[in-house]
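Only one structure is covered here, and it is reproduced in the block below.
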Amino acid sequence: KDLTMPVYNFKKMSPVPAAPDLIDIVLMRTQRKTPTVIHPGYKITRIRSFYMRKVKFTQQTISERLSRILTDFPRLNDVHPFYADLCNTLYDRDHYKLALGQLNTARSLVDQIARDMIRMIKYADSAYRCKCLKRAALGRMCTVLKRQKASLAYLEEVRKHLSRLPALDPNTRTLLMCGLPNVGKSSFMNKITRGNVDVQPYAFTTKSLFVGHCDYKYLRWQVIDTPGILDHSLEERNTIEMQAIIALAHLTCSVLYFCDPSEQCGYTIEQQCSLFKSIKPLFANKQLIIVVNKVDQQPWETLDPEKKEMIEAMAKDANCSLMTMSNISEHGVSEVKNTACEKLLASRVDARVAGKKVEGVMNRLQVFQPTPRDNVERDAHIPDSVKEAIEQGKIGSVDNKPKRSRVGYARTLGDDDQDNEEMVDAEYRKTARDLMWENGGPGVWAPDYREQYDLKEDEWRFDAIPEIIDGKNIADYVDPEIEKRLADLEAEEDQLLKELEAERMGQEPESDLDSEEEAAVEAIRDRKKIVRKRSQVNRSENKPVVPRTIRGRAKDKHQPGERNEDVIKEHLTKIGVDPTMMIARGRSLERERGRKRERSRARTETTESLPDEEMGDVSLSKTQVKKQKREKSEAAKREASVTRGHSRPRDPSQVGLHTEAAVKAAKKLDRQGRRGWEGGAGEGDNRKSVHLVKWMNTGKKRMGTHNK
């Protein structure tokens with residue numbers, strides 16, 4: 001079975017905080033997310049749960065933070081061997097595992113401290129002991145975190161370096177370049193990919209793995225540029241060289257070994273061949289191509305025969321291809337890339353065919369090859385009618401392709417002038433496309449789809465379709481003279497527009513009115529302007545609202561008001577209305593209102609002049625009389641307090657209650673119900689309040705004063 005390795009995204013790893021920062025994060029989160037107010041007067045069970053909650057929350061926060069760090073970092077036993085060896089080379093496998101193991105141990109210690117302290121808080125007998133145990137628990141947890149300072153700092157540096165590693169897929173199609181420094185590996189990568197690797201004329205310009213991508217046969221290929229490798233033993237190689245060795249050892253790829261026949265890289269042909277022989281075991285089971293680069297400086301044909309023989313012997317010994325190339329003149333660049341890709345594709349196909357999965361696929365495939373039933377040869381048969389139509393050019397041309405109309409198409413190469421002519425034939429039926437081009441082209445002409453309607457009578461197809469709304473035909477409600485009226489309106493509109501243009505030009509429009517009528521029209525227009533201005537002034541809300549009961553009354557002797565008798569009489573006479581009846585009715589209403597006011601005033605004076613014994617019932621007690629008087633005075637106060645323009649308080653029966661006592665009881669219940677949630681405070685309120693000083697209020701009371 002194929003084992004799938006977990007895929008890690010090193011660029012999305014969360015930052016690892018330093019030990020002091022981690023302690024601050026944990027304690028601040030505990031302070032913000034847990035209650036902060038507790039009093040010694042609470043029940044001991046409530047006090048215990050308060051401090052147990054703080055200890056447990058701190059332990060959970062530390063455990064979550066450390067678990068996230070342990071989960072983000074890759075496990076070297078689970079990832080691809082390429083990444084495992086790369087981490088061992090860059091960060092030292094033992095140091096890496098030791099740091100993660102210390103964090104795992106710290107998480108276990110914090111969990112154990114929390115369990116022990118919670119067990120002790122359960123049996124604490126006072127708030128002071130609970131607080132001391134909580135403080136000890138948090139202190140021990142912070143001490144454990146403080147001891148992880150070195151591990152956290154190391155892991156943060158590892159995370160930064162991992163996030164800068166290229167996004168390299170060990171399982172995809174890959175081209176890998178290797179060789180001595182300065183032989184042209186990075187220049188070749190810049191030619192075939194969109195990468196931009198730094199190229200300099202000195203050794204070890206490339207100090208790490210660089211990844212680029214190119215396309216071949218509609219497939220995405222991964223191109224890896226490795227640092228230069230020197231010819232010495234494996235133990236003497238440094239971290240930069242070991243990255244190339246690890247890539248050669250673990251990646252299934254097509255390898256390009258670069259040689260420099262011009263020896264401008266600083267190494268002779270013998271040294272380059274010696275390096276090839278030393279790393280030859282890493283080329284096993286890989287497609288290898290020896291690339292002779294820089295042939296623009298030293299052509300392959302004019303190379304020293306001895307050196308040429310050494311390179312050819314090296315290629316023959318490894319049973320691989322030998323190709324020449326130049327990055328400057330781009331000679332052979334695309335050929336090298338294509339050859340390497342073709343070799344790798346062929347090897348991947350062979351590996352799949354040799355695998356076990358192919359047998360299951362082949363068992364599901366069945367290939368049938370029909371056997372001939374007799375020895376008679378049967379050629380293609382074309383009817384004579386079709387041959388005649390082809391010769392006449394009705395259904396096709398000489399190459400047996402259908403002949404179509406070219407009307408409306410742009411002229412192309414090979415078209416004849418006869419093709420652009422319309423196809424005139426008695427039997428030919430014009431299509432909608434031909435008609436469209438004859439009548440102006442697209443957007444000008446559209447086919448009439450009513451021809452395709454399938455109705456009982458063909459004459460009905462082009463009838464106007466009635467428009468129905470709410471079951472009624474709109475045509476029944478159309479005015480037959482609407483066109484005439486529309487023409488009149490348009491003529492009137494044109495006349496108004498002409499008058500407006502004449503006014504703008506300073507000319508007086510022609511008018512059919514005489515001088516008196518024009519003066520009347522001017523007066524009406526002036527009057528309209530005045531009324532419009534008054535309405536705009538009255539519409540302003542930036543003034544107090546006058547109550548309706550006093551609106552229009554006299555304010556002083558200079559402003560008699562709109563309701564004054566003389567003002568009303570003058571206004572009505574001016575507009576041609578007889579004001580006699582209206583003024584008489586207003587006087588009668590005024591007299592009745594004055595009589596009512598006098599009667600109420602007289603009744604009030606009489607009531608006030610009567611003694612208390614005459615006002616009250618003789619059978620009532622003194623307490624009842626006092627209560628009755630109090631209710632009357634309250635009612636009078638309420639009457640006086642009701643402002644003009646507001647609705648009066650409703651009777652108890654109108655709000656669903658029978659008496660005033662029921663109203664008072666309802667209001668009391670409302671107040672009592674609000675008391676439960678107004679101003680309530682609990683242990684979840686994060687506030688600082690002034691408490692009693694502990695040293696003044698605990699311990700034995702001795703002689704002396706405590707009023708401090």
Side-chain angles (χ1 to χ4, degrees), residues 1-3 5 76 79-89 168-181 183 185 188-189 209 211 216 221-259 267 269-293 310-323 325 336-358:
K1 295 182 180 178
D2 296 335
L3 297 176
M5 299 290 179
L76 299 184
V79 297
H80 194 276
F82 167 74
Y83 278 116
D85 285 354
L86 188 63
C87 291
N88 183 28
T89 302
L168 192 149
D169 187 1
N171 302 313
T172 190
R173 297 167 291 275
T174 307
L175 302 181
L176 190 141
M177 297 170 290
C178 64
L180 285 161
V183 293
K185 301 185 295 297
F188 178 70
M189 182 175 178
L209 299 176
V211 179
Y216 179 72
W221 292 74
Q222 184 176 250
V223 184
I224 301 177
D225 181 20
T226 60
I229 307 173
L230 299 179
D231 185 17
H232 45 66
S233 62
L234 185 65
E235 293 77 10
E236 296 177 359
R237 288 196 170 99
N238 56 17
T239 304
I240 298 176
E241 298 175 85
M242 285 303 297
Q243 296 181 51
I245 298 297
I246 291 168
L248 282 170
H250 293 292
L251 296 179
T252 303
C253 57
S254 181
V255 180
L256 304 176
Y257 183 81
F258 280 73
C259 295
Y267 303 95
I269 298 293
E270 292 80 3
Q271 290 175 327
Q272 297 178 37
C273 294
S274 176
L275 173 64
F276 180 84
K277 293 177 182 178
S278 64
I279 63 175
K280 183 180 177 182
L282 298 175
F283 300 148
N285 300 325
K286 292 181 175 62
Q287 305 304 312
L288 178 63
I289 297 177
I290 297 177
V291 180
V292 180
N293 195 15
M310 291 176 61
I311 296 175
E312 290 176 347
M314 181 175 63
K316 185 177 181 181
D317 185 23
N319 192 18
C320 62
S321 303
L322 179 65
M323 302 186 71
M325 188 190 72
V336 170
K337 185 191 82 167
N338 296 343
T339 305
C341 294
E342 286 290 347
K343 280 196 168 190
L344 185 59
L345 279 179
S347 67
R348 288 168 69 93
V349 171
D350 295 340
R352 291 185 179 180
V353 171
K356 296 180 180 180
K357 291 184 179 180
V358 177

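For the pair Arg348 and Asn171, the tightest heavy-atom approach, listed with the atom from each and the gap, is NH1-O, 4.0 Å. For the pair Thr252 and Thr174, the tightest heavy-atom approach, listed with the atom from each and the gap, is O-CB, 4.4 Å.
The distance from atom CD1 of Ile290 to atom SG of Cys273, rounded to the nearest 0.5 Å, is 8.0 Å. Here the CD1-CE distance, from Ile289 to Met323, works out to 6.5 Å after rounding to the nearest 0.5 Å. Interatomic distance, Ile279 CD1 to Ser274 OG, rounded to the nearest 0.5 Å: 10.5 Å. Annotation: the span from Ile245 atom CD1 to Asp85 atom CG amounts to 12.0 Å, rounded to 0.5 Å. For the atom pair CG of Asn293 and CE of Met325, the computed distance is 4.0 Å after rounding to the nearest 0.5 Å. Expressed to the nearest 0.5 Å, how far CG of Asp169 lies from CZ of Phe82 amounts to 10.5 Å.
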Chi angles and distances behind the side chain to side chain contact (heavy atoms under 4.5 Å, CB included) call for Val255, Leu282: CA-CA 10 Å; Val255 180; Leu282 298 175; over 6 Å; no

Verdict with supporting geometry, Trp221 and Leu344, side chain to side chain contact (heavy atoms under 4.5 Å, CB included): CA-CA 11 Å; Trp221 292 74; Leu344 185 59; 3.4 Å; yes

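For the pair Cys259 and Ile269, the minimum side-chain heavy-atom distance is 4.5 Å or more. Contact annotation: the side chain of Phe188 never approaches that of Asp225 to less than 4.5 Å [non-hydrogen atoms, C-beta and beyond]. Inter-residue side-chain proximity for Ser347 and Asn285 is flagged as unmet; no heavy-atom pair is nearer than 4.5 Å. Looking at heavy atoms from C-beta onward, Asp317 lies in side-chain contact with Lys280 at the 4.5 angstrom threshold. Counting heavy atoms from C-beta outward, Leu288 and Ser254 have side chains that stay 4.5 Å or more apart.
Not a single donor-acceptor pair under 3.5 Å links the side chain of Thr339 to the backbone N or O of Val336. Side-chain atoms of Lys286 come within 3.5 Å of backbone atoms of Leu248 as a donor-acceptor pair (strictly under, hydrogens ignored). Without hydrogens or angle criteria, Lys185 side chain to Leu176 main chain gives no donor-acceptor distance under 3.5 Å. Judged by distance alone, with hydrogens and angles left aside, the side-chain atoms of Gln243 form no donor-acceptor pair with the main-chain N or O of Thr226 at under 3.5 Å.
Taking a 6.0 Å sphere around CG of Asn319, one finds it holds 12 or fewer heavy atoms contributed by other residues, nucleotides or ligands.
By the 30° and 60° cut-offs, the orientation of the rings of Phe283 relative to Tyr257 is perpendicular.
Across Met314, Glu312, Lys316, a single residue satisfies side chain to side chain contact (heavy atoms under 4.5 Å, CB included) together with Leu322, and that is Glu312.
Side-chain contact, Glu342 with Tyr216: a donor N or O sits under 3.5 Å from an acceptor N or O.
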